[in-house]
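First up is the structure itself, then whatever we jot down about it.
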Protein chains: 2
Amino acid sequence: MDARKRSILQVLTEDYILSAEPVGSRTLARKYNLGISPATIRNEMADLEDWGFLEQPHTSAGRVPSDKGYRFYVDELMARPAIGHDLLERIRATYQSRIRELEWFVHQTARLVSDITGYPSIVLAPSWELGIFSALRFVRLGPDQALLIMRTEDGLTQNRTVSIPSELSLAQLNELALEFSREFSGMAIRDLQNYILDPLSTSLKQHWSLWKSALGWLARDGSDEERMTLAGPLNILNYPEFNDIEKVRRVLGFLEQDKAVEQMAQTHPMTGGVTVLIGTETSVADIQDCSVVTATYQMGERIVGQVMVVGPRRMQYAYVMTVLEVVSDELSQALRWA
Amino acid sequence: MDARKRSILQVLTEDYILSAEPVGSRTLARKYNLGISPATIRNEMADLEDWGFLEQPHTSAGRVPSDKGYRFYVDELMARPAIGHDLLERIRATYQSRIRELEWFVHQTARLVSDITGYPSIVLAPSWELGIFSALRFVRLGPDQALLIMRTEDGLTQNRTVSIPSELSLAQLNELALEFSREFSGMAIRDLQNYILDPLSTSLKQHWSLWKSALGWLARDGSDEERMTLAGPLNILNYPEFNDIEKVRRVLGFLEQDKAVEQMAQTHPMTGGVTVLIGTETSVADIQDCSVVTATYQMGERIVGQVMVVGPRRMQYAYVMTVLEVVSDELSQALRWA
DNA sequence: GTTAGCACTCGTGTGGTTAGAGTGCTAATT
DNA sequence: AATTAGCACTCTAACCACACGAGTGCTAAC
């Protein structure tokens with residue numbers, strides 16, 4: 001792949017990303033001064049098509065990058081501009097008011113990203129189940145009700161109202177909680193559900209129904225059912241490739257299925273940094289006309305969640321990647337203090 | 001309006017609701033044995049059109065109910081079937097597992113309704129701001145952190161982590177909370193934000209920064225920003241009147257704007273019972289091709305929120321109304337114990 | 001009051017044609 | 001040997017004319 005082919009592929013890809021129209025040799029020669037004639041470009045494009053970087057929707061149309069073409073563009077050709085000053089300010093401002101809770105951050109991040117990229121955006125919140133149990137505490141709310149608060153080492157908390165045996169005092173309750181915390185702290189919350197079934201100490205066993213109710217909470221309320229936040233799904237209606245109502249239904253239908261999206265997210269390497277899946281690389285038939293850009297964010301040193309952008313294959317890769325890089329970074333910063 | 005016109009209007013409306021195709025006189029005569037000829041039906045339909053109950057998309061098409069026609073159908077003609085046994089069981093089962101919190105109920109309700117009606121559904125959660133403040137409580141989480149729990153008379157709670165002056169003990173904190181609770185209980189939370197600016201007691205004034213932080217929470221975290229839950233928006237793609245991508249964008253765009261929807265919801269009488277707004281009756285240009293069915297639900301005796309269904313004008317009014325009646329009722333029941 | 005008959009309207013679907021964009025190939029040019 | 005001009009060819013989208021059919025309104029007969 002010589003320099004000329006590279007620049008043709010690059011220029012063609014960028015033109016198509018903007019125009020959504022198959023790009024012909026004449027257009028290319030006229031619009032960008034490459035110093036070569038349409039005929040030469042045709043020859044080069046024929047080669048690029050042979051090698052699988054380009055495709056033709058039909059014989060008499062221009063060329064369009066294939067998945068492989070986009071991949072090469074993303075990996076080798078694309079320029080990565082620095083983020084604009086205004087945009088950076090806006091992102092930072094979003095996280096400045098840090099009076100909020102994790103869930104709020106997650107929602108806001110999804111909105112922010114879909115807003116500034118113009119694509120649908122998905123944020124996966126930290127998995128509660130994978131968190132490390134740290135401590136348990138009761139707060140009595142009424143004669144037979146208490147607030148049960150559970151905390152992970154990352155500082156995530158879940159709380160809910162539980163019914164308690166009325167004969168227990170607040171002090172007794174918290175003594176129990178302390179015992180429980182000592183016993184199980186350091187254990188992943190997911191594993192907690194297994195271990196707790198066979199309580200080790202008598203005092204825990206004694207108030208079995210209480211723990212069972214707590215368990216019910218762990219298994220359901222605290223589970224990862226609502227880990228996913230989808231923002232701006234309608235954005236895809238702005239792109240002509242989704243003028244087909246059927247396509248829209250397929251894609252948005254997929255994005256609404258939490259489980260499916262979560263599963264797809266797991267195929268991304270959780271190594272930090274931004275990754276791109278192009279078209280069929282996602283291995284999901286419903287979104288084979290889409291690309292997905294993913295970044296991870298952290299609480300402290302641990303990667304706990306992902307920010308994703310889903311768009312048409314001719315996505316503004318460079319821009320989206322830069323945005324996600326910055327956003328996930330700022331989010332991680334914000335969570336450091338949360 | 002004689003009996004024959006009524007039955008023609010009814011039958012025509014129901015046929016159109018199912019078929020989405022303008023209904024002609026011949027169809028009507030053939031499909032339903034009304035005992036009259038197409039010509040007679042034509043004459044009657046001409047009258048109904050003159051009176052504004054029917055419309056013609058174009059000269060050579062069949063008739064379609066107008067807003068006024070639907071209104072008459074809903075108010076006078078429509079049969080209200082009892083809810084099916086299986087459906088009732090399903091609805092009840094959703095609320096049976098009452099281990100959850102309010103927010104979960106709200107989400108589940110939206111999903112349930114959009115699921116069984118096949119239309120997008122919106123649930124407005126109880127307004128936190130309009131709740132009546134009941135009590136405040138602190139739970140210390142760490143050396144300089146505490147969980148602040150606020151409770152309304154309805155039993156709604158909000159809680160968040162706040163930073164506290166490290167010199168305060170748990171006992172001191174809760175003494176403060178008690179004082180605060182005594183001072184302000186019975187007051188609407190919205191008003192609380194104004195009153196608290198001028199603290200009445202010295203001990204409250206003393207820990208001003210603490211209250212200010214709590215205030216910040218009340219003003220933002222606890223506000224009604226996320227009162228609305230939208231479920232199943234994609235359902236509208238199933239109806240042929242929304243094959244136009246522009247219409248879809250308009251409608252879904254509107255449904256995503258929390259504020260606009262909330263405002264529209266306020267135009268419904270909050271009297272309990274199910275209300276229907278048809279087409280332009282909604283006074284919202286973006287959804288003038290839609291109808292909205294709304295039910296209210298309660299916590300105890302107080303109406304605190306709404307369940308809405310948005311669909312095409314040719315909505316299955318009877319079915320949707322019955323479903324909403326039952327769902328809002330079961331939801332109110334479930335919240336009675338929450 | 002009801003209905004049959006009929007002319008009329010209008011949207012939809014079909015087939016054929018055209019215009020235009022773009023290609024691949026070949027031969028000429030550098 | 002690489003590049004380019006020229007040209008025939010292909011294919012789609014747009015356009016038009018046309019016929020079809022559903023449905024109406026009107027009139028006259030029942």
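FYI, side chains are in, hydrogens and waters are out, and symmetry mates aren't considered; it's all heavy atoms of this structure. Within every chain, numbering begins at 1; the chains are lettered A, B, ... in the order of the sequence lines, protein sequences first and strands thereafter.
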Which atoms of nucleotides 2-6 of chain D (N or O only) lie under 3.5 Å from a protein N or O atom, and what are those distances?
unit_1, atom_1, unit_2, atom_2, d
D:dT3, OP1, A:R4, NH1, 2.7
D:dT3, OP2, A:R4, NH2, 3.0
D:dT4, OP2, A:S37, N, 3.1
D:dT4, OP2, A:S37, OG, 3.2
D:dT4, OP2, A:T40, OG1, 2.2
D:dT4, O5', A:S37, OG, 3.3
D:dG6, O6, A:R42, NH2, 3.2

Check the interface with nucleotides 11-13 of chain D: list each N/O to N/O pair with the protein under 3.5 Å, or write none.
unit_1, atom_1, unit_2, atom_2, d
D:dC11, O2, A:S60, OG, 2.9

Protein-nucleotides 27-30 of chain C N/O pairs under 3.5 Å:
none

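Looking at residues 8-26 of chain B, you'll see B:G24, B:S25 sit with a heavy atom under 4.0 Å from some atom of DNA chain D.
Regarding B:L34, its CG atom lies at a distance of 15 Å from the C1' atom of C:dT2, rounded to whole Å. Taking atom CD of residue B:Q56 and atom C1' of nucleotide C:dT9, one finds them 10 Å apart after rounding to whole Å. Remark: P of C:dT3 and CG of B:L28 are 14 Å apart, rounded to the nearest angstrom. Distance B:R63 CZ to C:dC10 C1': 14 Å, rounded to the nearest Å. For the pair B:L48 CG and D:dG25 P, the interatomic distance rounds to 12 Å; values are reported in whole Å.
Between B:Y70 and B:Y16, the angle of the ring planes lies from 30° to 60°, which puts this pair in the tilted group.
Between the side chain of B:D15 and the backbone N or O of B:V23 there is no donor-acceptor pair closer than 3.5 Å. One N or O on the side chain of B:S66 and one on the backbone of B:F53 form a donor-acceptor pair closer than 3.5 Å.
Among pairs with a residue in residues 264-282 of chain B, those fulfilling salt bridge (charged side-chain N to carboxylate O under 4.0 Å, His left out) read B:R71-B:E281, at least two apart in sequence or across chains.
Side-chain contact check for B:E89 versus B:H85: some heavy-atom pair is nearer than 4.5 Å. B:I91 places a side-chain heavy atom less than 4.5 Å from the side chain of B:I83.
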Anything under 3.5 Å between a donor and an acceptor, one on a side chain of residues 311-319 of chain A, the other on a protein residue two or more places apart or in another chain? List them.
unit_1, atom_1, unit_2, atom_2, d
A:R313, NH1, A:D67, OD1, 2.9
A:R314, NE, A:E241, OE1, 3.1
A:R314, NE, A:E241, OE2, 2.6
A:R314, NH1, A:I17, O, 2.3
A:R314, NH2, A:E241, OE1, 3.0
A:Y317, OH, A:S291, OG, 2.6
A:Y317, OH, A:R313, O, 2.4
A:Y319, OH, A:I116, O, 2.8

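The residue from A:R42, A:K5, A:R4 that alone fulfils the salt bridge (charged side-chain N to carboxylate O under 4.0 Å, His left out) condition with A:D47 is A:K5.
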